[in-house]
2 protein chains.
Amino acid sequence: MALAEQKNKQIIEAAIAEFQEKGFAGASMDRISERAQVSKRTVYNHFESKEALFKAITECLAGRVQSYLHVSFDPKAPIRDELIRLGWSQGKLLTDPCAMSMVKMVLGEVLRDPDLASHMNKRMEMVMIIKTFLDATVKSGHLNIPDTLTGAEQFLGLIKARGFYPKMFGEAVATHEEMERIIEETVDMFLSRYGTGKA
Amino acid sequence: MALAEQKNKQIIEAAIAEFQEKGFAGASMDRISERAQVSKRTVYNHFESKEALFKAITECLAGRVQSYLHVSFDPKAPIRDELIRLGWSQGKLLTDPCAMSMVKMVLGEVLRDPDLASHMNKRMEMVMIIKTFLDATVKSGHLNIPDTLTGAEQFLGLIKARGFYPKMFGEAVATHEEMERIIEETVDMFLSRYGTGKA
DNA sequence: TCCCATGTAAACTCGTCAGTTTACTTTTTG
DNA sequence: CAAAAAGTAAACTGACGAGTTTACATGGGA
């Protein structure tokens with residue numbers, strides 16, 4: 001069955017490229033099969049329809065993104081370092097050109113399909129991960145945040161505002177150095193606002 | 001010429017709705033003429049092609065958005081109030097359902113068309129307006145911001161992270177009350193980080 | 001080696017869409 | 001009022017796309 005898997009991969013790669021360049025409506029199954037070096041019928045053997053192919057790709061994306069998101073608070077380490085680690089849990093994703101190109105592809109469709117949107121949202125709940133982290137920092141007395149959900153949104157907003165959204169409209173993603181500055185400045189602002197002085 | 005203008009307006013309104021629901025590729029000129037209660041030929045009398053109609057709409061959007069953006073710093077007023085005014089210069093836009101629905105429409109296409117993206121960017125340079133404002137606050141000694149461009153991005157990021165991007169994926173826009181909270185919390189964070197104590 | 005699941009190429013159906021054409025009516029204006 | 005400008009309805013052209021069908025090839029497990 002090595003062949004089938006190989007073909008499957010070729011189709012998915014080609015479909016990602018095609019959907020990203022043309023959007024769902026603009027993409028053509030003929031072109032996808034051509035790009036995948038595979039006959040059209042083979043595409044339909046692997047995926048029932050254009051829609052099914054698109055959904056499979058979003059699943060694939062959600063899976064890849066989710067694998068990035070693991071971070072928990074260590075109360076014994078310096079709080080600034082811990083917040084920087086938290087920042088990097090997002091920064092890693094935003095500096096990965098592959099992940100970003102997929103996010104970009106899905107975003108265009110998501111704007112028009114609220115169902116797909118809420119589905120993707122559920123599978124990419126970054127805010128809740130950050131909130132959980134911040135709850136722990138509050139419990140240990142390192143930060144004083146009256147509303148950790150707001151805090152999480154602000155933290156993520158500060159990073160995305162400079163490392164994500166501006167990159168949506170160009171080719172490049174943020175470099176490692178850029179992201180490092182963004183995260184440090186985010187943490188500085190966050191500590192000015194919510195810090196308790198406890199290291 | 002009152003009739004021609006009337007028809008023109010009908011077409012643009014219908015086209016905004018259609019493009020927003022279906023995207024550029026998915027939109028149909030037949031359906032646009034139907035929605036506009038106008039014959040198809042009339043649409044083509046007003047706009048040479050689908051592309052031309054879309055471009056006209058983005059121009060129209062850029063114009064409406066630009067008209068929102070006017071705010072300058074008054075050094076004699078309390079700094080917190082001034083920053084809140086600055087926040088509202090953006091907040092007004094983000095709480096206007098009409099403006100938001102147009103932004104949403106264009107965004108999907110912009111993700112696929114870097115030329116259109118840079119064109120829209122130039123016509124909606126919010127960051128520079130905020131930077132100019134912040135430069136003035138630094139000059140008057142009210143704030144201490146080492147890098148006002150970064151500061152402007154952070155300020156805008158804090159607002160958009162909660163008042164704009166989350167709303168992109170749903171129907172509603174932020175309410176006035178929501179936006180008020182968002183702006184106040186943004187200003188609080190900003191003053192914690194960059195405030196000099198001078199009122 | 002045989003067989004069947006899988007792959008291939010190419011033609012085909014049927015629908016839709018951008019844009020045009022035709023024959024006619026309404027509105028504006030000189 | 002008369003003619004020019006703008007609008008209308010409906011049919012038409014040519015292209016393209018999703019998904020199917022047909023007839024044939026291939027490769028890996030029994």
Side-chain angles (χ1 to χ4, degrees), chain A residues 1-60 105-106 108-113 115-116, chain B residues 1-60 105-106 108-113 115-116:
Chain A
M1 287 287 154
L3 193 83
E5 275 165 51
Q6 172 61 23
K7 298 285 166 186
N8 197 283
K9 212 171 118 188
Q10 283 173 33
I11 293 167
I12 286 187
E13 288 308 310
I16 287 174
E18 175 77 6
F19 280 129
Q20 195 194 325
E21 274 171 39
K22 316 271 175 138
F24 181 80
S28 135
M29 293 296 267
D30 283 298
R31 221 153 32 218
I32 288 172
S33 69
E34 209 173 296
R35 292 173 94 134
Q37 309 249 60
V38 138
S39 86
K40 192 176 176 180
R41 199 64 192 77
T42 300
V43 175
Y44 279 96
N45 283 341
H46 285 255
F47 303 95
E48 264 204 341
S49 65
K50 193 182 182 183
E51 199 124 326
L53 176 54
F54 186 76
K55 287 243 168 89
I57 284 175
T58 66
E59 280 304 313
C60 163
M105 178 201 80
V106 174
E109 301 314 317
V110 141
L111 288 172
R112 242 159 268 129
D113 184 347
D115 283 352
L116 184 59
Chain B
M1 284 286 158
L3 190 83
E5 275 166 49
Q6 172 62 23
K7 297 285 166 188
N8 197 283
K9 211 172 117 186
Q10 283 173 32
I11 293 167
I12 286 186
E13 288 308 310
I16 287 174
E18 175 77 8
F19 280 129
Q20 197 197 321
E21 275 172 38
K22 316 271 174 138
F24 180 80
S28 135
M29 294 295 270
D30 283 297
R31 224 153 29 220
I32 287 172
S33 70
E34 211 173 293
R35 293 175 93 134
Q37 309 247 60
V38 136
S39 83
K40 191 175 176 180
R41 200 62 192 78
T42 301
V43 175
Y44 279 96
N45 282 341
H46 284 255
F47 304 95
E48 263 205 343
S49 65
K50 193 181 181 182
E51 199 123 331
L53 176 55
F54 187 78
K55 287 243 169 89
I57 284 174
T58 65
E59 281 303 313
C60 163
M105 179 201 79
V106 174
E109 301 314 318
V110 142
L111 289 172
R112 244 159 267 129
D113 184 346
D115 282 354
L116 184 60

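These numbers were taken from a predicted model, which means no experiment stands behind them. Below, each value reflects all heavy atoms present in this structure, side chains not excepted, and no hydrogens, waters or symmetry copies. Sequence lines set the chain letters: A, B, ... in the order given, protein chains first and strands last, and positions in each chain run from 1.
- With A:Lys50 contributing its side chain and A:Phe24 its backbone, the two residues share a donor-acceptor pair below 3.5 Å.
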For A:Glu21 and A:Arg35, what are the C-alpha separation, side-chain angles and deciding distance, and is it a salt bridge (charged side-chain N to carboxylate O under 4.0 Å, His left out)? CA-CA 13 Å; A:Glu21 274 171 39; A:Arg35 292 173 94 134; 2.9 Å; yes
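- Looking at heavy-atom distances under 4.0 Å, B:Ala27 makes contact with sugar-phosphate atoms alone, never a base.
- Remark: P of D:dA25 and CZ of A:Arg41 are 19 Å apart, rounded to the nearest angstrom.
- Residues A:His46 and A:Lys40 each lie close to DNA chain C; by heavy-atom proximity, the contact nearer the 5' end of the strand is made by A:His46.
- In this structure, B:Ala36 reaches neither bases nor backbone, as no heavy-atom distance under 4.0 Å exists between it and the strands shown.
- Note: CZ (A:Phe47) to C1' (D:dG19) measures 16 Å, nearest angstrom.
- The side chain of A:Lys7 places an N or O atom within less than 4.0 Å of a non-bridging phosphate oxygen (OP1 or OP2) of C:dT8.
- Put simply, B:Thr42 has a side-chain N or O that comes within less than 4.0 Å of OP1 or OP2 on D:dT8.
- When the side-chain nitrogen and oxygen atoms of B:Arg31 are compared with OP1 and OP2 of C:dC17, one or more of them lie within a distance under 4.0 Å.
- Put simply, the side chain of B:Lys50 and the base of C:dG19 share no donor and acceptor less than 3.5 Å apart.
- Atom CE in B:Met29 sits roughly 20 Å away from atom P in D:dA15 (whole-Å rounding).
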